[in-house]
Amino acid sequence: MKKQQVGQSMDRVDGRLKVTGGAKYFADHQLEDLLYAALVCSPISNGHIKSIDATKALRAPGVADVVSHLNAPPVPGYKQENKNPKQGLKIFNDDRIYSNGQPVAIVVANTLERAVHAASLVQVLYSQETHHTEMSNNMDKAFQNNGMKDYVRGEADAWKKAPVTLEAEYTMPIEVHNPMELAGIVAHWDTPDTLTLYAKTQGVKSVQQTLKELFQIPEQNITVHAPFVGGAFGMALRVWPLEVATILAAKKIRKPVKLVITREQMFTLVGYRPQATQKISIGATIDGKLTGITHEAVAITSPYEDFTEGIVGMSKFMYACPNVNTKYQLVPLNISTPVWMRGPGEATGAFALESAMDELAYKLHIDPLEFRIRNHADTDPEKNLPYSSKYLKEAYQMGAEKIGWFQRNPEPRAMKEDDMLVGYGMSSGAFGAYRGKATANAILKADGSLVLRSAAADIGPGTATAMVQIAADATGIDPAKITFLLGESAYPEAPRQGGSSTVSTVGSVVNDVCKTLQQKLGELAINHLPAFKNAKPEDIIYEDGQLLLTSDRSVKISYQEVLHQQSLPELLVTTTSQSGDERKKYSMYSFSVHFAKVHVHPATGVVSIKHVVSVADSGTIVNSKTAASQMIGGVVGGIGMALTEEAIMDHRFGRFVNNNYADYHVPVNADVPPTDVLFINKKDPYINPMGAKGMGEIALIGFAAAVSNAVFHATGKRIRDLPITPDKVMQEKNEI
Amino acid sequence: MNQFSYMRPSNLKAAIDAVAKDTSARFIAGGTNLLDLMKNGVVIPEKLVDINRLPLKDIQLNKDILHIGALVLNSELAAHELVITYHPLLSQALLAGASQQLRNMATVGGNMMQRTRCSYFYDTTMPCNKRVPGSGCGAIGGINRMHAIFGASSDCIAVHPSDMCVALTALDATVLVAGPKGNRRIPFGDFHRLPGNTPQTDNTLGKGEIITAVEIPSNAFTKNVYYLKVRDRASYAFALVSVAAALDISNNIIRGARLAMGGVAHKPWRLREAEQTLIGKAPTTENFRVAANIAMTSAIAYKHNAFKIPMAHNTIITALQKAAAI
């Protein structure tokens, strides 16, 4: 048998293309007659457009058109919707302004520079109304929609009766999507009802579906290309108004149009992690058994959409607590719609829950790690089901040993290295392990190579690499001869890359389509090859790219020889695959444990993370290298959440004041310490054929709490308001 | 960005003439700030005069005075043997600034000429007296976490963003300038100015004047120096506060002291009184605390930057401790 490929540290199959510039991202596509677009965005935060004067812009050199609600082609899908205003921003549909930065026109010219300049010449007059952007001043508008029912297990507010209790409020600022690649699209109407797009998306099929509804054209008339995506983290899970604006401009002008938005526009046009305040009330017995958790969250949304996510989810199932109740509300503000951002709501929720667990552990004089173990949920207390697999206790132990948890002095402000205060903190995270439905083609070529196709995405984790490894094990074909193609709407249906489910969902169908291919080869052998004539399907085994007879292993034939004997140029099979009843029998989650060691400079309050250990309990690790990279990426995102990232708005204007890479602080290399990633790497027996659970979200979920807990251990100061910037930590003057 | 013309003269006189005669012309060297300003519509020059071909790239030691051409790159200066040997404080400050990529483009003259990073200055939809005199100060009633605690006015509370200039102020550098009316020398501390009621003017250069070099006189601050920059992330972030500290210590007595701060005022903020209190004293935390108290006496905070007063105080003490290696 050949070496098993799943679990190996295989290099990325597209790594060479990416580092040599050979990978073409959406903005790299130069179509013939391509025009360039720039957006004109609203400087007011609530009101109406009174007038748009494009005269000067239209006179500027190279300008093709200025498209706005005054002259945009109709979007038939808009009319199909009812009058409910909460159905998203219908770009260029009317004169209404809901938030600052909302696009009011798109200017198209024959060079980017001319488009940008002409956009500055468009004169827009507004009638301004009072805007509401500050969450704390608008809490009276908090509401719940149908999807956000209160949850009660056991008795509500049971924490109040506990001998040891904690009530604390935690705040999360707006965090903005800031991948290197900016948002945008290249749109071209080949005919009046045939559309070609080069997109930045986490799901080509989902783009196709959205646009089919909006433009009322057949699905097959819409072609979406997105084989490479330069980072997305949730921002490219949906079609945004900026993309519809470009498609409308291309329709009106009848030429291909490219839009790449600016960094500043990334703050208002592609969603963000919503600002949230969370109150955790929690009680335990004096020997550290949780008796009640109450988790109440309020988060912001736009005036025209109710964005909800799993912010209170983890409190329901993470610990064996008999009484849990949660409440989740939204406050609509004059701001664009939030969107999922890695981890998503669970990461916001975990900061509160895992900070509160640390606080209560200190109140109880129990080690925070021991406190979690005492309240470990052996079965899922929310769903009342056994876990499909759970090695959280092992993960706690592995991480603790690696970082030296048991060697620390647990007293706050008791450890020093040189003139730095030293702190250790830990936390855990969990995210549902999902498996959706997907379809894939397998095409065996005459030369023995294998091509797999599915409309999956790769926003960076290395989708194709993992799929090649899974296919290599399923077929016995050398991975160098296997290609996995993704990111094309013409390929068989696959879900969006989100919710840590791509390996589970698409990996399963890759495994299954390979098995289908083998069966088909077996049938061909039985029907056409003398040596296999009397064999039954179960008499054939498939090994190292060959068919063998179980009764006589010397009777064998390679896959390609089967094709050759039949003079077949290739063999194509298609399979659809999805989860079954196992999801009703088991609760499926991935778990993570994060440990952080920090230095805090007492005079200035500067926190630097010196060492991180993150442990993932996510089933089988398909590729140890890309999996480790993904975990490290989550840590970097977590450092940003913990220490540096916050979009700051001047509420007088409803405008962000740090909407650029210099002032919105994404962590840089100097902020990222040595990071040890450890894997449990034990197969989940139920979730899918590989036994692999998801990893993208758990890499981030809980991490910020590990840092804030470490800052408390270092300083004795509890920071419940992210990010933990030096001014919040700094001790008072003269204390040094 | 507007359309503009571009020229690249190869002698100083042509460059000066081009800018002196054209009110909307601007010199450009590394462009690390000017291009951002142009893209945001903050500065709209009709002509750019690229000075990169001018012979202003030399670093030499003449009679103990270090002469640094205005076009020397920040990265080159930080790594230069003469700087590391004779003025290590300057090297430290340079390396605390921006990122390696920016330092590879940014010049000494350009670093001095960079504009404030105040958000209201960059957003043309907001009020800013520095960008549009008379339009009001957005920061005073707005988000002012990054803003001044010294020397501000009711018209402007912006700070100068440079790290290099903080060290050059402490080191008593001199700015060499050429212009339509000839050459002149400006003490570094007089080059940048406080906002007063004309915050649109950052410095004392006249129209058409160009920085040709910076000179640093010899000093004894080769060993006990430290540049401490406190910032929101470990690199590529502007200072919340920064302190340049240089001590001349012999027999455990401070013979000379230089202190300057960044991130606290419209110009690099020299702390002369604090320096004076240190002379003749032993390098102890208690003496450093006295100096820090004196340094902070006139500080005034706004809504979001009150933390800067204790932070600056603590940073002065820490920088002096690091400089004295105690």
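Every chain is numbered from 1, with letters handed out A, B, ... down the list of sequences. The model shown is predicted, which means the values in this text are computed figures rather than measured ones.
- Asp419(A) places a side-chain heavy atom less than 4.5 Å from the side chain of Lys322(B).
- Atom CD1 in Ile639(A) sits 13.0 Å away from atom CZ in Arg233(B) (nearest 0.5 Å).
- Surrounding CD1 of Ile326(B) are more than 12 heavy atoms belonging to other residues, nucleotides or ligands, all under 6.0 Å away.
- In this structure, the separation between CG on Asn40(B) and OG on Ser120(A) is 12.0 Å, given to the nearest 0.5 Å.
- Other residues, nucleotides and ligands contribute at most 12 non-hydrogen atoms within 6.0 Å of the CD atom of Glu46(B).
- Residue-environment remark: CD (Glu273(B)) stays at or below the threshold of 12 foreign heavy atoms within 6.0 Å.
- Scanning residues 135-148 of chain B against chain A with a 4.5 Å heavy-atom cutoff picks out Gly138(B), Gly141(B), Gly142(B), Ile143(B), Arg145(B), ordered by number.
- Put simply, CG on Asp232(B) and CD1 on Ile724(A) are 12.5 Å apart, with the number rounded to the nearest 0.5 Å.
- Here the options are Pro43(A), Cys41(A), Ser42(A), the test is side chain to side chain contact (heavy atoms under 4.5 Å, CB included), and the partner is Thr125(B); only Pro43(A) passes.
- Here Asp650(A) contributes atom CG and Met126(B) contributes atom CE; the two are 5.5 Å apart, rounded to the nearest 0.5 Å.
- The two residues Phe307(B) and Met730(A) have their closest heavy-atom pair at O-CE, 3.6 Å.
- The two residues Pro726(A) and Leu240(B) come nearest to each other via the heavy atoms CG-CD1, 3.9 Å.
- In this structure, the portions of Val657(A) lying under 4.5 Å from any heavy atom of chain B include both its backbone and its side chain.
- With a 4.5 Å cut-off on non-hydrogen atoms, Tyr122(B) does not touch chain A at all.
- Only the side chain of Pro61(A) comes within contact range of chain B, judged by heavy atoms closer than 4.5 Å.
- Between chain B and the residues Lys728(A), Arg114(A), Arg655(A), the most heavy-atom pairs under 4.5 angstrom are made by Arg655(A).
- Heavy-atom distances place the side chain of Asp123(B), and not its backbone, under 4.5 Å from chain A.
- Residues of residues 661-674 of chain A lying under 4.5 angstrom from chain B, judged on non-hydrogen atoms, are Tyr661(A), Ala662(A), Asp663(A), Tyr664(A), His665(A), Val666(A), Val668(A), Ala670(A), Asp671(A) by number.
- The contact between His601(A) and chain B is made entirely by side chain atoms (from C-beta outward), counting heavy-atom distances below 4.5 Å.
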